Amino acid sequence: MAHPFFIYGGLMRKLNLIIASCLAGISLLGIWFSMDLPVLGTQDALFSTKPAFYPILIFSGLLICAILMFAQSFLKAPEPVLLYHKDFVVILGSLMAYIIVLPFIGFIPSTVFFTVGAGYYLLAQKKDKGQIKKLLLINLALVGALYVLFVRMLNVPL
Amino acid sequence: MNEILQSLGQVLQPFSLMCIFLGVLFGIIVGALPGLSVTMGVALLFPITFTFSGINGILMLLGVYIGAVYGGSISAILINTPGTPASAATVLDGYPMTQRGEGGKALFISTLASFCGGIISCFLLMWAAPLLAKFALQFGAPEYFALGVFGLSIISGISGSSVLLGFISCALGLLISVVGLDPFTGSLRFTFGSLYLSGGISFIPILIGVFACAPIFIALSENKTDQFGDVAKITKILPTAEEFKKIVIPILRSGILGTIIGSIPAAGGDIAAFVSYNETKRFSKEPEKFGTGHVEGIAAPEAGNNAVTGGAMVPMLSLGIPGDSVTAIILGALMSKGIQPGPLLFKDNISQVYTIFIGMFCANIIMFLLGILGIRFFIKVTRIPRHILTPAILILCVLGSFAINNNTVDLLVLLVSSVAGYFLLKARFPMSPMILGIILGPMVESNLRRSMIISEGSFGIFFQRPLSLALLALSLITLLTPFFMKKSKVS
């Protein structure tokens, strides 16, 4: 029985089709928005000198590549691909939470919470008092060093 | 001869050597930290140089420049995160070597190649500065456009198994560079009313997101356990005699290429690194090994990007034109000391010129010694367990992204590029072409449109100028070579 976090069987083809469709959509939208770009004094100028020229060129190239990718997806054999794992979701979520709270509670508390929390989670089965103490001490030292380097020496306003 | 001896005596003073040493050390640290750029390192020490007498402040800035360009390779090799954009090409072969437990060897090759590239550019700088300046002056808008296209053409060589995905990745990078102000009319493009986007999307958070965060998430999703294997023992740091032989010619070729590219204003270490990588792959007897942890794949970009340091001095010293932001700061420092770069510098102040040349030699030697001595220390990073290293790298990514503009929106860019990079990597998209597109996009666009204005819409301008035609022909060859090589392998 498949693990709920692993998705098997032909998903690479589905992923490619989804990406190709998104790229085609972005290209068409991009060309449409580019046509609306202001010309500002270049109304009589050749198209190749106008602001819309370069973006339309690139979007057109992207559209052609998206169509080719779409076609290629059907020619290649389907492959399984692992999209999610619990660890990835948890760490990504923690990183998002860290970035959100950073401006509110400050650099030191938010960074300590993140490094210790994420480290504790990744310690998995190896959790024992000795490892946790070591984790705490190392991360406190790391946060201190980063604070001195970025805030004191490089004057980054964290 | 008298001036050379006088300059040598000046540089070999204990205080001058200490300035160079501190500059190189600071530069290596700044370069190794993702998000902290070479320009930032030089800019940070610039005010301090006012307090130094004579040319010692300039020597310190040169040390930072050389150290920082090399330092980017340390994080590129060990944690798959280029410390500076100039090290983005080193990731391709450096990190796979670390994964094999040969991180020490990769660092040694990188240090040696950086040193050799820097020394080659110093020699060329001394000998050919006026000639190179003359060559660089011939570059107009069509030549710059052709150079940009040449830089982009190497995507076929760095895209791995799927060139189509490489083209798509590059196109996405070019489109990211379009966001913001139109360079000619000043109108806003694809900003959707956002003040942040009106200044363009900062590419460092994207670089960090796709090269550092996304691979970490990939490793987490594939449940890759702790360390990278055995730490490289001292015996594994030195390459074999055969590996030494393999890297000699790439280092020489990349050193010369990097110096020439560096002498062209606005063409920096990132272009030199990728061009050197691609040219080496083209001439290599084992091109299929590139991207899997091949010694030539580390030696070439590192020699190329460090050779830019000497080349970038050419337009600055001989014409008074700074080639990039770093040389602009050094130009300012020289002027603050009463030294006016330009054509008369070589006539009126030749001893100061020699001091700069000799200072760069010394900085490269100190960089080599610090790099070699530091390998044992640097390599210990790979022994750090995942539960400590992963959060630490993510914190550095966040800090590095924030430090550029002190703007929290850059953190959002980091998150978005990390997640997008994760899914694109899962779909086997190569990320290097995207970075190439972002870096070269502005140069390609502005020079394309400038050329179109000059030629009144005629594309013939690119084919009527010999340099431009040569570069475009080279681009076509570079683009098609991997296809022909694949075909000949199959037959």
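On a predicted model such as this, the values are computed, not experimentally measured, just so you know. Throughout, protein chains are lettered first and strands after them, A, B, ... in sequence-line order, and every chain is numbered starting at 1. Values reported hereafter were calculated over all heavy atoms of this structure, with side chains retained and with hydrogens, waters and symmetry mates removed.
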Heavy-atom distances under 4.5 Å only: say whether [X] touches chain A with side chain, backbone, both or neither.
{"X": "B:L412", "value": "neither"}
{"X": "B:L448", "value": "side chain"}
{"X": "B:V30", "value": "neither"}

I'd like to check [X] versus [Y] (side-chain heavy atoms, cut-off strictly below 4.5 Å). Are they in contact?
{"X": "A:P51", "Y": "B:F184", "answer": "no"}
{"X": "B:V178", "Y": "A:F59", "answer": "no"}
{"X": "B:F167", "Y": "A:L68", "answer": "no"}
{"X": "B:L172", "Y": "A:L23", "answer": "yes"}

Heavy-atom contact with chain B under 4.5 Å, split by part of [X]:
{"X": "A:S34", "value": "both"}
{"X": "A:L92", "value": "both"}
{"X": "A:L102", "value": "side chain"}

For A:L95, the option from B:L415, B:L411, B:I216, B:I395 that meets side chain to side chain contact (heavy atoms under 4.5 Å, CB included) | B:L415
Is A:F113 atom CZ crowded by more than 12 heavy atoms from other residues, nucleotides or ligands, each under 6.0 Å away?
-> no
Flag if over 12 foreign heavy atoms under 6.0 Å of CZ, B:F377 = no
Taking all non-hydrogen atoms of both residues into account, name the closest pair between [X] and [Y] and its distance.
{"X": "B:A427", "Y": "A:N16", "answer": "CB-OD1, 3.9 Å"}
{"X": "B:A392", "Y": "A:L142", "answer": "CB-CD2, 3.7 Å"}
{"X": "A:L122", "Y": "B:P391", "answer": "CD1-CD, 4.4 Å"}

Working to the nearest 0.5 angstrom, can you tell me the gap between [X] [atom1] and [Y] [atom2]?
{"X": "A:I26", "Y": "B:L175", "atom1": "CD1", "atom2": "CG", "result": "9.0 Å"}
{"X": "A:I91", "Y": "B:C213", "atom1": "CD1", "atom2": "SG", "result": "12.0 Å"}
{"X": "B:L394", "Y": "A:I99", "atom1": "CG", "atom2": "CD1", "result": "9.0 Å"}
{"X": "B:I388", "Y": "A:I138", "atom1": "CD1", "atom2": "CD1", "result": "3.5 Å"}
{"X": "B:F423", "Y": "A:L15", "atom1": "CZ", "atom2": "CG", "result": "8.0 Å"}
{"X": "A:S27", "Y": "B:I168", "atom1": "OG", "atom2": "CD1", "result": "9.0 Å"}

Using 30° and 60° as the class limits, which term best fits the ring planes of B:Y422 and A:F88: parallel, tilted or perpendicular?
-> parallel
